[in-house]
Amino acid sequence: MKNPAGTAALLLGDRIRQARVRLGLSQEAIASLAAMHVTNFGKIERGGANPSLLTMMRIAAVLGTDVSTLTQDISAEHLPSDVRVLSAQDYLIAREGNPGSS
């Protein structure tokens, strides 16, 4: 079954799981410390959910790290295949080649 959250969510979830395991803590313990339901934490850890920035900050704080460490090297190439993102630079180049459109 295809993961609708994409590779980025899988990478993030794996990093969170690795950090939790290194600490020797259960999903229940981390979820409780992060003030969230264990079911939601489990979905994030399995890569089946895209957490909000606030949720990521709470999880990172509990794990003794920061969001940037958890998301390092996760980029647009890790988005789900059905998500197409045009960079601002590509947009500007296309717009310059097509005057009158904005």
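The chain is numbered in sequence order, starting from 1. It should be emphasised that the depicted structure is a prediction, and the values quoted were computed from it without experimental measurement. Hydrogens, waters and symmetry mates play no part in the numbers below; they use all other heavy atoms, side chains included.
The only option from I59, L70, I16 that meets the side chain to side chain contact (heavy atoms under 4.5 Å, CB included) definition with T65 turns out to be L70. Partner of L12 under the side chain to side chain contact (heavy atoms under 4.5 Å, CB included) criterion, out of H78, E45, M56: M56 alone.
Scanning all heavy atoms of the two residues, the minimum distance from V62 to L23 falls at O-CD1, 4.4 Å. In terms of heavy-atom proximity, T71 sits nearest to R15 at C-NH1, 3.4 Å. Closest heavy-atom contact between A9 and A49: CB-O, 3.9 Å.
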Go through the steps for V21 and Q18 under the test side chain to side chain contact (heavy atoms under 4.5 Å, CB included), then give the verdict. CA-CA 5 Å; V21 169; Q18 288 177 24; 5.9 Å; no
Take R46 and F41 through the side chain to side chain contact (heavy atoms under 4.5 Å, CB included) test and state the conclusion after the steps. CA-CA 9 Å; R46 288 188 305 278; F41 180 80; over 6 Å; no
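For the pair L63 and R22, the minimum side-chain heavy-atom distance is 4.5 Å or more. Side-chain contact between Y91 and E96 is absent, with no heavy-atom pair separated by less than 4.5 Å. Under the 4.5 Å side-chain criterion, counting only non-hydrogen atoms from C-beta, Q27 is not in contact with I30.
For R17, the salt bridge (charged side-chain N to carboxylate O under 4.0 Å, His left out) partners are D14, not counting sequence neighbours. Taking the salt bridge (charged side-chain N to carboxylate O under 4.0 Å, His left out) definition, one finds that D66 meets it with nothing, sequence neighbours left out.
A distance of 5.5 Å separates CD of Q89 from OG of S87, quoted to the nearest 0.5 Å. Considering CD1 of I44 and OG of S52, their distance stands at 7.5 Å, rounded to 0.5 Å. Rounding to the nearest 0.5 Å gives a distance of 10.0 Å between OG1 of T7 and CD1 of I74. How far CZ of R58 is from CE of M36: 6.0 Å, rounded to the nearest 0.5 Å.
Residues V38 and L54 are members of separate hydrophobic clusters, defined by side-chain heavy-atom contacts under 4.5 angstrom among Ile, Leu, Val, Met, Phe, Trp and Tyr.
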